[in-house]
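These notes concern the structure reproduced below.
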Amino acid sequence: MKRNASAWVYFLTNYTRHSLYIGVTTDLERRIAEHKSHLVPGYTKKYQVDRLVYYEEFQSIREAIEREKYLKGWTRARKNALVDAFNPEWRDLAEG
């Protein structure tokens with residue numbers, strides 16, 4: 001993860017890969033730590049969605065929000081294909 005960007009769009013999944021969550025943040029490391037600690041109420045906490053499998057960086061939060069909205073309109077198959085191209089093993093990119 002590069003630290004010079006201002007914002008990120010990220011995908012999280014759970015250990016079964018049945019759930020996929022798309023989020024946006026200005027501090028990716030902090031936000032992923034919150035998800036991994038299950039501090040974020042709602043969908044990610046309920047379904048144990050805490051594995052970072054994809055991210056994109058942007059120079060502004062506005063760009064990141066636009067991209068997040070665009071990606072959320074995609075089919076699950078198209079989202080999966082994006083992750084497959086970026087991270088074929090769907091490994092947790094926040095580990096290590």
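In what follows, every heavy atom counts, from backbone to side chain, and hydrogens, waters and symmetry copies are set aside.
Residues T13 and S19 share a closest heavy-atom pair of OG1-O, 2.7 Å. Residues L39 and P41 approach most closely at O-CD, 3.2 Å, considering heavy atoms. Between F58 and V9 the shortest heavy-atom distance is CE1-CG2, 3.7 Å. Nearest heavy-atom pair, R51 versus K36, reported as atom, atom and distance to 0.1 Å: CA-NZ, 4.4 Å. Closest heavy-atom contact between Y47 and N14: O-ND2, 3.2 Å. Residue V83 comes nearest to Y54 through the heavy atom pair CG2-CB, 4.0 Å, listed as atom of the first residue, atom of the second, then distance.
Here the OH-CD distance, from Y10 to E68, works out to 8.0 Å after rounding to the nearest 0.5 Å. L28 contributes atom CG, which lies 9.5 Å from atom CD of E57 (distance to the nearest 0.5 angstrom). How far CD1 of I61 is from CD of E66: 11.0 Å, rounded to the nearest 0.5 Å. Between the NE2 atom in H38 and the OG1 atom in T44 there is a gap of 8.5 Å [rounded to 0.5 Å].
K79 is listed as a side-chain neighbour of I22, based on a closest heavy-atom distance under 4.5 Å. I32 has its side chain within reach of L12: a pair of non-hydrogen atoms, C-beta onward, lies under 4.5 Å apart.
Remark: R62 CZ is loosely packed, at most 12 non-hydrogen atoms of other residues, nucleotides or ligands lying under 6.0 Å away. Atom OH of Y15 has 12 or fewer neighbouring heavy atoms from other residues, nucleotides or ligands inside a 6.0 Å radius.
When each of L71, V49, L93, L52 is checked for a side chain to side chain contact (heavy atoms under 4.5 Å, CB included) with F11, only L71 meets the rule.
Formation of a donor-acceptor pair under 3.5 Å by the T16 side chain with backbone atoms of H18 is found in this model. Panel note: side chain S6, backbone S60; no donor-acceptor pair is recorded below 3.5 Å.
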Evaluate the criterion salt bridge (charged side-chain N to carboxylate O under 4.0 Å, His left out) for residue pair E63 and R67; output intermediate values, then yes/no.
CA-CA 6 Å; E63 290 175 300; R67 179 66 169 165; over 6 Å; no
Applying side chain to side chain contact (heavy atoms under 4.5 Å, CB included) to W74 and N80, what does each step give before you reach the verdict?
CA-CA 10 Å; W74 285 13; N80 286 353; over 6 Å; no
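A salt bridge links E34 to R31: one of the charged nitrogens lies within less than 4.0 Å of a carboxylate oxygen.
Ring geometry for F86 against Y55 counts as perpendicular: the plane angle is over 60°, on a 0 to 90° scale with 30° as the lower cut.
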